[in-house]
Amino acid sequence: MSNVNNTTRRSEMKVSTVVEAGSVESFYMSSWSDNELEMQVSGGTVKVNLPENVIKNLHKRLGERLTDLAEKRLQEAKEAVEEENE
């Protein structure tokens, strides 16, 4: 016979929601509001509040992404010039 523990075991369940709104067509972030970002998407508007640390991280990641894109475009342009010179 096994000992039965009188405490009830709780299993935790995480619930999340993913909203697929399509491509962002435009966005607006007022310099006067409480860090609300409004994005126009096909079929509607998505509004989110961004804490300062998230805005800073977004700024950093966008900068990194734009740098990567610029480097890629520069490399493509160099290759196109080299092909023309051959």
Report task. Walk me through it: do Lys56 and Glu52 pass the test salt bridge (charged side-chain N to carboxylate O under 4.0 Å, His left out)? Result -> CA-CA 6 Å; Lys56 288 178 180 178; Glu52 185 177 344; 3.2 Å; yes
Query raised in the report: What do the steps show when you test Glu25 against Ser42 for side chain to side chain contact (heavy atoms under 4.5 Å, CB included), and what is the final call?
Result: CA-CA 7 Å; Glu25 297 168 354; Ser42 51; 3.5 Å; yes
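Between atom CD of residue Glu64 and atom CG of residue Leu69 there is a gap of 12.0 Å, rounded to the nearest 0.5 Å. Atom OH of Tyr28 is separated from atom NZ of Lys47 by 10.5 Å, given to the nearest 0.5 angstrom.
Both Val46 and Val24 are part of a single hydrophobic cluster, where members link through side-chain heavy atoms under 4.5 Å apart. In the hydrophobic clustering of this structure, Leu37 groups with Ile55; members are Ile, Leu, Val, Met, Phe, Trp, Tyr whose side-chain heavy atoms approach within less than 4.5 Å, directly or through other members. If you chain together hydrophobic residues whose side chains sit under 4.5 Å apart, Val48 and Val54 fall into the same group.
Between Met29 and Leu50 there is a side-chain heavy-atom pair separated by less than 4.5 Å. Residues Glu82 and Asn85 are not in side-chain contact: their nearest non-hydrogen atoms beyond the backbone lie 4.5 Å or more apart.
Enclosure of atom CZ in Arg73 by more than 12 non-hydrogen atoms of other residues, nucleotides or ligands within 6.0 angstrom is indicated.
Under 3.5 Å, the side chains of Glu79 and Gln75 contain a donor-acceptor pair of N or O atoms. Using a 3.5 Å distance cut-off with no hydrogens or angles, the side chains of Gln40 and Thr45 do pair a donor with an acceptor.
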